[in-house]
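Being a predicted model, the structure only gives us computed values, none of them experimental.
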Amino acid sequence: MAGEPHDSQDTAPVDTVVVGSGFGGAVTAYRLAEAGRSVVVLERGKPYPPGGFPRSPADMARNFWDPSNGLHGMFDIWSFRGLEGVVSSGLGGGSLIYANVLLRKDERWFAHESPLPGGGYENWPVGRADLDPHYDRVERMLGATTYPYQDTPKTLALHQAARRLGLPVFRPPLAVSFAPRPGAAPVPGAQITDPDYGNLHGLPRSTCRLCGECDVGCNYGAKNTLDHTYLSAARHHGADVRTRCEVRGFAPRPGGGYDVSYVVHDPAREGRRTATDRLPLHRVRCRRLVLAAGTFGSTYLLLRNRAALPGLSSALGTRFSGNGDLLGMVLRATADGDGGRPLRLDGSRGPVITSAVRGGDALDEDGSAGRGFYIEDAGHPDFVAWLAESAQLPGGARRLLGFGLHRLLTRLGVDPAGRVGGQLASLLGPAMLSATSLPLLGMGRDVPDGRMRLRRGQLDVDWTTRTSRAYFERVRSTMRDIAGALGGDFLDNPLWWWGNRVITVHPLGGSPMGRHPGEGVCDDIGEVFGFPGLHVLDGALLPGAVGANPSLTIAAVADRACDRILDGQSAPHAAAGASAAPTARAGPAADGTAPRTPAEAAPADPATPGPHAPPAKAASPTGAASPPEPPTSLSFTEEMKGHVALDVVDPEQGHALGRSLGQRLSFRLTITATDVDRFIAEPAHAADAAGHVDCDVLGGRLEVERGWFNLFTQDGDASRRRMPYRLHLRTQEGTPLTLTGHKDVHDDPGVDVWTDTSTLPVRLLAGHPHPDDDTTAPVIGAGIVTIRIGDFVRQLTTFRTTGPHPVRAMELFGKLFLGELWAVYGGRLARAVPEKDRP
């Protein structure tokens with residue numbers, strides 16, 4: 001994939017493109033493909049067949065997602081100011097690393113008009129009755145079954161502790177195959193019978209071996225992950241499932257549908273640093289686009305492509321929640337309470353989760369207070385136990401020293417014992433720390449008041465545990481009680497010690513559903529308001545915490561949406577989304593040139609050179625014309641910074657709103673007059689502008705494809721001058737935009753020369769329209785940028801000239817600049833001088 005980026009267009013458009021292969025994407029791909037729709041699934045990660053998950057230290061060290069550093073692994077780790085997030089990259093999405101739990105959202109936990117700190121409220125436009133038929137359908141597909149074994153220590157221990165505390169406890173349904181076929185008795189390691197739709201990996205699967213490796217990928221295929229179920233069924237029905245395809249952008253098409261751009265991560269580049277922004281772009285056209293790249297991925301794509309979606313709800317980025325995730329630990333459990341014999345919990349025995357304790361919610365209306373939660377036994381692989389034991393340095397060092405001393409005495413003949421089994425057992429020690437410890441995973445209804453936005457082109461989440469403090473303290477208190485009931489100690493997640501930070505594996509929200517655009521980004525089937533055929537169908541769609549493990553609810557919401565789509569209640573057509581398409585006159589002219597600025601449309605007459613035009617060339621003594629002297633060019637660099645808001649037409653309003661939201665826009669331009677004499681002589685004083693614009697709400701840094709600048713043009717009013725700017729831009733996914741505006745230089749009351757020459761109101765227009773069409777082109781947003789004093793001082797040091805007359809070029813430019821300022825402001829200054837003192 002090395003080389004210059006280029007575009008390639010898929011030959012045939014498809015009905016539906018699904019971005020991502022997690023619970024929302026996999027369900028959607030299967031349902032639509034089964035109905036005969038042409039479906040393409042674009043998954044950024046790679047497939048993980050049975051036996052394909054890393055286990056060695058060297059492979060685990062590279063099992064992370066960061067293609068720019070050559071990492072194409074499974075774990076995608078995000079770090080924000082208030083929390084850490086762990087999500088998955090691979091065919092099957094989050095199902096590859098989740099703990100298999102298929103719990104329904106509690107009926108009373110579908111909040112309605114629930115006020116949130118800082119304003120707004122949590123509201124679910126769907127309820128349990130809407131989802132129950134779809135819960136049933138998903139459970140059947142994923143083979144939901146409760147944990148069948150009765151002798152697992154951690155399971156027995158959690159039930160024992162819950163009974164002592166009077167807490168409800170149960171075994172939740174799990175998407176795990178414990179038996180080789182439905183109805184058979186559970187047995188570890190038996191070969192699983194494939195369903196009728198087969199398996200896309202083409203490798204045998206075996207039943208759960210109780211090894212606790214669910215969260216790092218099941219190498220036996222015992223987990224009924226989405227690649228073994230929904231995605232295999234989707235491919236069976238004709239879906240085109242593509243891996244290592246990372247979507248970068250999308251845009252509505254005139255008349256309906258969407259263009260989707262993506263890059264391909266070449267396996268040959270794995271392990272090597274790659275400039276991912278230089279990878280070739282591929283494009284596919286579709287009638288319907290489903291974003292199912294996860295809470296972080298889908299919201300990030302909408303934020304990055306915001307400029308292509310005029311009128312998108314301001315709810316974008318809101319209602320973020322970590323689903324109340326909180327990790328705790330039971331340490332050194334004892335069977336008889338304080339000082340008793342060790343209680344074996346054996347966290348690595350069984351699947352990761354086998355049981356759950358439920359904490360009540362005020363919404364239950366049963367006398368419970370606060371926000372509800374679940375606490376589940378969170379097992380771990382055996383290698384984690386080895387790591388825990390090896391970390392016991394003082395005891396381990398003593399045992400190692402004793403073992404070494406015994407072997408030395410044996411070699412010297414002092415101790416004749418030849419068998420070393422006892423010494424090896426002493427070296428390993430009792431290993432009771434890992435045997436008597438158990439992680440506890442809490443989750444529940446934290447407050448969904450987080451906000452997601454772009455910051456320097458990257459995803460940022462503003463969320464804190466402060467507003468959910470009562471909830472988290474309640475979960476921690478219950479975990480502490482469970483540890484006490486097991487005669488053990490309670491240990492917080494270390495991140496909790498460092499500023500009450502949490503790790504979430506269940507991020508939700510960012511593109512929430514609602515009843516109208518003022519409440520949500522999407523309706524109750526995930527269709528984005530104003531953009532028919534564009535759906536969000538994953539965790540980003542949920543307007544608050546599920547409370548229970550959210551995977552089943554995400555899948556059920558997607559399944560319900562597919563029913564409505566297939567019933568024709570969501571039919572893509574040309575509507576508001578199509579308004580982002582350029583008009584007929586937008587873009588380059590038929591000859592391939594860019595649209596002309598007003599200055600280029602009416603250039604100075606070359607037959608009547610202006611006062612600073614170059615003199616005519618004298619003939620050479622032989623009578624032949626001498627070679628023309630090359631022109632002298634002049635350039636300088638200008639930086640301007642300010643704020644902008646989308647879906648606003650008035651620059652002042654956009655500036656105020658953008659400032660309140662922290663939405664910055666800045667640019668750094670190099671202005672070049674390639675021929676200073678011509679630049680001075682022509683009334684338009686036209687120059688080229690090159691550089692870049694930085695704006696998070698437009699997706700980060702946008703290079704200027706072509707730019708124009710005019711210095712002090714007149715527009716019928718001799719007392720005013722204008723400095724127009726026009727920049728042709730293109731977003732990361734290829735959507736064309738135009739930044740246009742002008743500095744208005746005129747003599748108002750007061751000293752305003754600095755304000756006039758340093759303030760630029762701007763508008764962002766869809767497409768690359770001809771200047772004559774600016775008044776009718778769709779306005780994406782507006783704002784104001786200014787030159788700051790420090791940037792202006794630096795600007796004065798950036799003037800450069802190239803050519804035979806550098807000093808003259810600087811002199812001519814200075815005279816023009818100062819002369820035009822005098823023409824505008826000189827009258828006031830002259831009137832301020834007493835008549836007797838005038839020359």
For atom CZ of Arg55, decide whether the heavy atoms of other residues, nucleotides or ligands shown that lie under 6.0 angstrom number more than 12. yes
State, without any angle test, whether His201 and Asp227 hold a side-chain donor-acceptor pair at a distance under 3.5 Å. yes
Decide if the gap between the ring center of Tyr98 and the ring center of Phe23 is smaller than 6.0 angstrom. yes
Are side-chain heavy atoms of Leu669 and Thr637 found at a separation under 4.5 Å? no
Please identify which of these residues, Leu309, Val521, Val528, meets the side-chain contact (heavy atoms from CB on, under 4.5 Å) condition with Leu316. Val521
Side chains of His265 and Trp65: closer than 4.5 Å at any heavy-atom pair? yes
Gly457 backbone acceptor or donor facing Asp696 side chain under 3.5 Å: yes
Below 4.0 angstrom, N of the basic side chain to O of the carboxylate: do Asp462 and Arg455 qualify? no
Go through Val41 and Thr243 one step at a time and tell me if the side chain to side chain contact (heavy atoms under 4.5 Å, CB included) criterion holds. CA-CA 8 Å; Val41 178; Thr243 55; over 6 Å; no
Does some side-chain heavy atom of Leu42 sit less than 4.5 Å from a side-chain heavy atom of Val17? yes
Could you walk me through whether Arg306 and Leu312 pass the side chain to side chain contact (heavy atoms under 4.5 Å, CB included) check? CA-CA 8 Å; Arg306 179 70 177 78; Leu312 189 64; 3.6 Å; yes
Does the separation of the ring centres of Phe296 and Trp78 fall below 6.0 angstrom? yes
Using a strict 4.0 Å threshold on nitrogen-to-oxygen distance, state whether Lys46 and Glu270 make a salt bridge. yes
Any sub-3.5 Å donor-acceptor pair from Asp647's side-chain atoms to Gly311's backbone N or O? yes
Using a 3.5 Å distance criterion without hydrogens, assess whether the side chain of Arg288 forms a donor-acceptor pair with backbone atoms of Pro532. no
What I'd like to find out is whether the side chain of Asp240 reaches to under 4.5 Å of the side chain of Val39, using heavy atoms alone. no
Please give me the minimum heavy-atom distance between Ala292 and Leu537, naming the atom from each residue. CB-O, 3.6 Å
Does a donor on one side chain sit under 3.5 Å from an acceptor on the other, for Ser79 and Glu84? yes
At what distance, to the nearest 0.5 angstrom, does NZ of Lys223 lie from OG of Ser95? 6.5 Å
Would you say the side-chain atoms of Tyr262 and Arg242 include a donor-acceptor pair closer than 3.5 Å? yes
Working to the nearest 0.5 Å, report the span between CE of Met74 and OG of Ser88. 6.0 Å
I'd like to know if the side chain of Ser321 pairs up with that of Asn323 as donor and acceptor (distance under 3.5 Å, no hydrogens or angles considered). no
Heavy-atom neighbours of Arg668 CZ exceed 12 at 6.0 Å: no
If only atom types and distance count, is the side chain of Asn219 paired as donor or acceptor with the main-chain N or O of Phe53 below 3.5 Å? yes
Do Asp259 and Ser261 have side-chain N/O donor and acceptor atoms under 3.5 Å apart? no
Just by distance, with hydrogens left out, do His72 and Arg244 show a side-chain donor and acceptor under 3.5 Å apart? yes
Quick check against the 3.5 Å criterion: does Thr318 have a side-chain atom that pairs as donor or acceptor with the backbone of Arg451? no
Are Phe320 and Pro507 close enough that some pair of their side-chain heavy atoms sits under 4.5 Å apart? yes
If we count only N and O atoms by modelled type, under 3.5 Å, do the side chains of Asn224 and Arg205 hold a donor and an acceptor together? yes
For the residue pair Asp694 and His692, what are the closest heavy atoms and their distance? OD2-CD2, 3.4 Å
Measure the shortest side-chain to side-chain distance between His282 and Val264 over non-hydrogen atoms and say whether it is less than 4.5 angstrom. yes
What's the separation between atom CG in Leu142 and atom CG in Leu226, rounded to the nearest 0.5 Å? 6.5 Å
I'd like to know if Asp791 and Lys641 make a salt bridge, using a cut-off of under 4.0 Å between side-chain N and carboxylate O. yes
Any side-chain to backbone donor/acceptor pair from His768 onto Leu737? Under 3.5 Å, distance only. yes
Please give me the minimum heavy-atom distance between Asn100 and Cys214, naming the atom from each residue. ND2-SG, 3.4 Å
Does some side-chain heavy atom of Tyr48 sit less than 4.5 Å from a side-chain heavy atom of Leu96? yes
Value for CG (Leu729) from CZ (Arg706), rounded to nearest 0.5 Å, stands at 14.0 Å
So, for Leu541 and Gly526, which heavy atoms are closest and what is the spacing to 0.1 Å? CD1-CA, 3.7 Å
Nearest 0.5 Å, what's the CZ-CZ distance between Phe64 and Phe75? 7.0 Å
Where is the tightest heavy-atom contact between Val352 and Gly212, given as atom of each residue plus distance? CG2-O, 3.8 Å
From Leu291 atom CG to Leu302 atom CG, the distance as rounded to the nearest 0.5 Å: 5.5 Å
Do you know the tightest heavy-atom contact between Tyr220 and Cys211? CE1-SG, 4.0 Å
May I ask you to decide whether Asp460 forms a salt bridge with Arg453, counting only side-chain N to carboxylate O separations under 4.0 Å? no
Is the side chain of Thr738 donor-acceptor paired with the backbone N or O of Gly767 at a distance under 3.5 Å, no angle test? yes
Output yes when a side-chain donor or acceptor of Glu43 lies under 3.5 Å from a complementary backbone atom of Ser21, and no otherwise. yes
Report the C-alpha separation of Ile503 and Leu495 in whole Å, then their side-chain angles, then the decisive distance to 0.1 Å, and conclude whether the side chain to side chain contact (heavy atoms under 4.5 Å, CB included) test is met. CA-CA 8 Å; Ile503 302 174; Leu495 287 178; 3.3 Å; yes
Would you say Asp538's side chain and Gly294's backbone share a donor-acceptor pair under 3.5 angstrom? yes
Can you list the steps and then say if Ile671 with Asp688 is a side chain to side chain contact (heavy atoms under 4.5 Å, CB included)? CA-CA 6 Å; Ile671 309 296; Asp688 296 325; over 6 Å; no
Residue pair Ser298 / Ser511, side-chain donor-acceptor N/O under 3.5 Å: no
Got Leu764 and Leu698 here, is their nearest side-chain heavy-atom distance under 4.5 Å? yes
Keeping Thr276 on the side-chain end and Ser68 on the backbone end, is there a donor-acceptor pair under 3.5 Å? no
